[in-house]
Amino acid sequence: MKKETSILDVLTSLSKQRGFVFQSSEIYGGLGSTWDYGPLGVELKRNIKNYWWKSVVTARENVIGMDASILMHPKVWEASGHVDNFHDPLVDNKETKKRYRLDHLIESQDITIIKELCNMLKLKAPEKINEEIVQSIVTSLNKVSQQSGEILIDSGVIDPEDNNVGDWTNMRQFNLMFKTFAGPVEDSGSVVYLRPETAQGIFVNFINAQTTSRKKLPFGIGQIGKAFRNEITTGNFIFRTREFEQMEMEFFCKEDETSKWLDYWKQERLNWFKSLGINSEKLRLRAHGSDELAHYSSACYDIEYRFDFGWSELEGIADRGTYDLSKHMEHSNKKLTYFDQSNNEHITPAVVEASAGVDRAMLTVLADAFTTEEINGETRNVLKLSSKIAPVTVAVFPLMNKQGMPEIAQKIVDDLRSEFSSFYDAGGSIGKRYRRQDEAGTPFGITVDHDTIEDQTVTLRDRDTMEQKRISINQIKAALSESMNS
RNA sequence: GCGAAAGUAGCUCAGCUGGUAGAGCAUCACGUUGCCAACGUGAGGGUCGAGGGUUCGAAUCCCUUCUUUCGCUCCA
């Protein structure tokens with residue numbers, strides 16, 4: 001990587017300057033990987049969420065919404081598999097400074113080393129390497145984690161990096177769930193987790209939501225909310241953080257219909273990103289290989305965007321089968337089945353999930369919208385945000401600060417404010433005010449000038465083309481609405 | 001967490017081998033101008049990420065710590 005300025009650098013500094021995103025707790029030196037959304041950022045983020053909610057939930061007869069709490073019964077996470085599966089056992093080689101996931105490392109070893117490991121851990125020696133034996137080695141090592149490094153060295157575990165026996169550290173568990181305590185006393189009886197995904201809030205409410213809404217299969221439940229993961233490595237600005245916000249929709253259907261709905265939703269969701277004006281050449285759907293699939297999923301597509309740090313996932317659309325509802329039935333002893341009247345039978349619905357990151361969507365629209373243009377030898381920074389989500393929809397200016405122009409402009413902006421996100425600016429030259437709004441992504445500019453006083457008309461400026469047309473004051477709202485819906 | 005690099009004004013940065021901080025842009029005020037980052041004058045803003053040490057004296061040298069970036073790993 002060259003040391004040239006990346007889009008991410010530009011966006012980070014633009015965000016700070018213009019009030020999109022600030023580093024959290026900055027005056028205390030910042031808290032790792034947490035970000036605060038400023039005046040413009042909160043509008044953009046909220047607009048993205050509202051647009052998702054409208055597209056996925058309210059515009060559809062067969063999707064309803066809900067909002068579950070972040071803290072849930074700890075058994076939820078046992079049932080979902082997160083307590084058992086949502087951590088990574090890691091070891092480092094002090095020699096090569098490489099870090100490995102222990103299960104991946106063991107998988108890569110020769111059978112003789114595996115046998116030696118089993119011998120030292122008093123496990124039955126296997127004939128060949130399979131997932132089962134890898135898992136039981138990891139489990140056994142975990143029980144003696146204080147000696148695990150020693151055991152790895154003594155059994156001759158090789159570092160693939162240099163093909164020598166590694167100088168291994170003891171294994172460490174990185175639990176990806178944030179743990180905290182409910183109630184005044186810190187004891188193990190009151191452990192709760194900050195949810196690592198919003199989906200489980202939907203699954204545990206499946207019956208509540210279905211019966212009260214009287215929905216029949218197939219139907220979906222959407223939710224937007226915060227989730228928390230104690231990621232080992234965060235970074236790329238707001239792309240990967242420990243606290244983030246999800247927009248998730250769980251679509252319940254018959255088990256033999258999941259592939260049909262998976263195809264439907266992956267296309268719908270891809271189109272959603274395209275409808276925000278995002279460059280379709282930088283968007284793609286990528287099917288997961290069988291080795292990438294999560295423990296609950298049998299098929300999965302990622303919607304990816306090509307950032308300048310590479311293709312990265314914005315949203316996962318997954319066939320989760322009946323895994324989640326079955327697990328919750330098993331652990332809660334409650335019936336979460338659906339009565340299918342057509343066949344007169346109780347069935348466990350299967351689930352197709354569309355799970356998007358709000359912060360990632362926001363980073364995507366910013367990265368995709370940011371443009372630098374050359375105008376009369378000057379550079380112009382423009383955020384070509386869709387007018388559907390731009391933080392400010394319209395800015396109103398008096399051409400001059402005299403002849404009553406400010407008063408007229410102020411009256412116009414007051415009148416627009418209830419329907420459109422509006423901004424009034426009389427500071428500096430008119431050109432400077434246009435450029436300020438270009439950089440904030442404001443799609444429309446209205447200027448009150450000499451003619452306004454004579455004939456009640458103003459100019460309406462388009463951010464991207466910089467072209468202006470003259471319209472009368474009472475046409476402004478109609479013109480804005482029309483442009484926003486096109 | 002490990003390895004590498006970095007942290008000086010709101011932003012981007014300069015500050016040579018130690019002598020208590022500067023520029024451009026941005027912000028605010030006044031004047032002038034009036035349709036695409038104009039100009040003039042002036043102002044505000046930094047205990048140089050934090051803590052400790054060496055020194056007569058530290059932004060500069062040493063240690064610790066926090067944060068950021070890039071890799072390893074993981075995911076929305």
Side-chain angles (χ1 to χ4, degrees), chain A residues 1 3 5-6 8-10 12-19 22-34 86-94 96-102 104-105 161 169 172 174 176 196-199 226-242 244-248 292 294 302-304 309 312-318 353-361 363 373 375-381 397-403 405 427-439 445 447-450 459 461 463 466-468:
Chain A
M1 270 281 178
K3 216 196 144 196
T5 321
S6 70
L8 228 53
D9 291 333
V10 174
T12 308
S13 95
L14 180 76
S15 291
K16 178 79 187 294
Q17 275 181 78
R18 299 309 308 260
F22 308 124
Q23 195 186 357
S24 164
S25 314
E26 197 188 16
I27 63 168
Y28 289 103
L31 177 66
S33 161
T34 48
F86 210 58
H87 52 69
D88 294 330
L90 300 180
V91 290
D92 294 299
N93 181 352
K94 286 182 271 190
T96 60
K97 306 292 183 196
K98 286 284 166 186
R99 162 170 292 181
Y100 296 95
R101 254 179 71 170
L102 186 56
H104 290 178
L105 180 68
E161 178 75 8
T169 61
R172 280 167 299 177
F174 285 81
L176 297 178
E197 61 175 21
T198 57
K226 289 273 178 116
F228 303 82
R229 292 183 192 174
N230 203 3
E231 297 287 346
I232 301 157
T233 307
T234 56
N236 283 331
F237 194 29
I238 55 173
F239 187 80
R240 185 183 297 111
T241 54
R242 298 198 171 96
F244 60 102
E245 200 159 9
Q246 294 184 306
M247 306 183 280
E248 291 197 306
E292 290 178 88
D302 283 349
I303 295 175
E304 297 185 329
F309 52 83
S312 303
E313 180 186 353
L314 306 179
E315 172 159 352
I317 298 107
E353 169 184 272
S355 172
V358 177
D359 313 81
R360 288 183 179 189
L363 185 63
E373 294 175 350
I375 304 288
N376 300 329
E378 305 274 357
T379 59
R380 180 173 90 115
N381 290 339
F397 320 105
L399 183 62
M400 300 181 243
N401 284 314
K402 52 185 165 190
Q403 293 176 18
M405 291 180 199
S429 72
I430 187 70
K432 188 169 197 166
R433 286 178 252 160
Y434 286 145
R435 297 297 173 83
R436 269 202 286 249
Q437 293 307 313
D438 290 340
E439 203 177 56
T447 304
V448 170
D449 59 15
H450 297 98
T459 59
R461 172 187 184 264
R463 174 195 64 205
M466 298 192 292
E467 280 167 8
Q468 290 175 291

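Chain A is the first sequence line, chain B the second, and so forth, proteins listed ahead of strands; every chain is numbered from 1. These values consider heavy atoms only, across backbone and side chains, with no hydrogens, waters or symmetry-generated copies. The shown structure was predicted, so the numbers you read here are calculated from the model rather than taken from an experiment.
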Asker: Tell me: CZ of A/Phe309 to P of B/C70, nearest whole Å?
Answerer: 8 Å
Asker: Pick one: which of A/Thr34, A/Asn230, A/Leu176 meets side chain to side chain contact (heavy atoms under 4.5 Å, CB included) with A/Arg242?
Answerer: A/Asn230
Asker: By nearest heavy atom, map A/Ser355 and A/Lys16 onto RNA chain B; which one lands nearer the 5' end?
Answerer: A/Lys16
Asker: Kindly write out the residues that satisfy side chain to side chain donor-acceptor pair (under 3.5 Å) with A/Ser13, not counting sequence neighbours, or none if the list is empty.
Answerer: none
Asker: Quick one: does any side-chain atom of A/Arg360 pair with a main-chain N or O of A/Glu313 as donor and acceptor, under 3.5 Å?
Answerer: yes
Asker: Under 4.0 Å, heavy atoms only, any strand: does A/Phe22 hit a base, just the sugar-phosphate, or nothing?
Answerer: nothing
Asker: Please give, in whole Å, the distance from B/U69 P to A/Asp9 CG?
Answerer: 9 Å
Asker: Tell me, for nucleotides 22-38 of chain B in 5' to 3' order, what letter each nucleotide earns: B for a base near a protein heavy atom under 4.0 Å, S for only sugar-phosphate near one, - for neither?
Answerer: ----SS------BBBBS
Asker: A/Arg433: which residues meet the salt bridge (Lys or Arg N to Asp or Glu O under 4.0 Å) condition with it, sequence neighbours left out?
Answerer: none
Asker: Name the pairing partner of B/G57, where a pair is Watson-Crick or G-U wobble with both distances under 3.5 Å, or state none.
Answerer: none
Asker: Using atom P in both nucleotides, what's the gap between B/G7 and B/C62 to the nearest angstrom?
Answerer: 14 Å
Asker: Distance between the C1' atoms of B/G18 and B/A26, in whole angstroms?
Answerer: 33 Å
Asker: Can you check the distance between B/A14 and B/A59, where both ends of the measurement are the C1' atom (answer in whole Å)?
Answerer: 12 Å
Asker: Please identify each residue that fulfils salt bridge (Lys or Arg N to Asp or Glu O under 4.0 Å) with A/Arg18, with sequence neighbours left out.
Answerer: A/Glu439
Asker: Round to a whole Å and report the spacing from CZ of A/Phe237 to C1' of B/C70.
Answerer: 17 Å
Asker: Figure out the CD/P separation between A/Gln23 and B/G10, and round it to whole Å.
Answerer: 14 Å
Asker: Between A/Glu245 (side chain) and A/Val358 (backbone), is there a donor-acceptor pair under 3.5 Å?
Answerer: no
Asker: With sugar-phosphate meaning primed atoms plus P, OP1 and OP2, does A/Phe239 contact a base, only sugar-phosphate, or nothing at under 4.0 Å between heavy atoms?
Answerer: base
Asker: Find the partner of B/A37: check Watson-Crick (N1-N3 plus N6-O4 or O6-N4) and G-U wobble (N1-O2, O6-N3) distances, both under 3.5 Å, and reply none if neither fits.
Answerer: none
Asker: Taking the C1' atom in each of B/G46 and B/U12, what is the distance between them to the nearest angstrom?
Answerer: 16 Å
Asker: What residues, two or more places apart in sequence or in another chain, satisfy salt bridge (Lys or Arg N to Asp or Glu O under 4.0 Å) together with A/Glu315?
Answerer: A/Arg269
Asker: Expressed as a whole number of Å, how far does the C1' atom of B/G15 sit from that of B/C48?
Answerer: 10 Å
Asker: For B/U68, give the paired nucleotide (Watson-Crick: N1-N3 plus N6-O4 or O6-N4; G-U: N1-O2 and O6-N3; both under 3.5 Å), or none.
Answerer: B/A5
Asker: Please name the nucleotide paired to B/U73 by Watson-Crick or G-U wobble geometry with both distances under 3.5 Å, or report none.
Answerer: none
Asker: If you measure from the C1' atom in B/G45 to the same atom in B/A9, how many Å do you get, rounded?
Answerer: 6 Å
Asker: Can you tell me the base-pairing partner of B/C28? Count Watson-Crick or G-U wobble geometry only, both distances below 3.5 Å, and say none if there is no partner.
Answerer: B/G42
Asker: When the C1' atoms of B/U60 and B/G53 are considered, how many whole Å apart are they?
Answerer: 15 Å
Asker: Could you give the CD-to-C1' distance, from A/Glu26 to B/G7, as a whole number of Å?
Answerer: 12 Å
Asker: Does B/C48 pair with anything, Watson-Crick or G-U wobble, both distances under 3.5 Å, and if so, with which nucleotide?
Answerer: none
Asker: What residues form a side chain to side chain donor-acceptor pair (under 3.5 Å) with A/Ser355, not counting sequence neighbours?
Answerer: A/Glu248
Asker: Rounded to the nearest Å, what distance is computed from the CD1 atom of residue A/Ile303 to the P atom of nucleotide B/C75?
Answerer: 18 Å
Asker: Answer yes or no: is there a side-chain heavy-atom contact under 4.5 Å between A/Gln23 and A/Lys16?
Answerer: no
Asker: Mind checking if A/Leu14 touches a base, just sugar-phosphate, or nothing, with heavy atoms under 4.0 Å?
Answerer: nothing
Asker: Quickly work out the A/Asn236 CG to B/C75 P distance and round it to whole Å.
Answerer: 16 Å
Asker: Would you measure the distance from the C1' atom in B/G3 across to the matching atom in B/A21 and give it in whole Å?
Answerer: 34 Å
Asker: Determine the contact category for A/Ser15: base if any of its heavy atoms lies under 4.0 Å from a base atom, sugar-phosphate if only primed atoms, P, OP1 or OP2 are that close, otherwise nothing.
Answerer: nothing
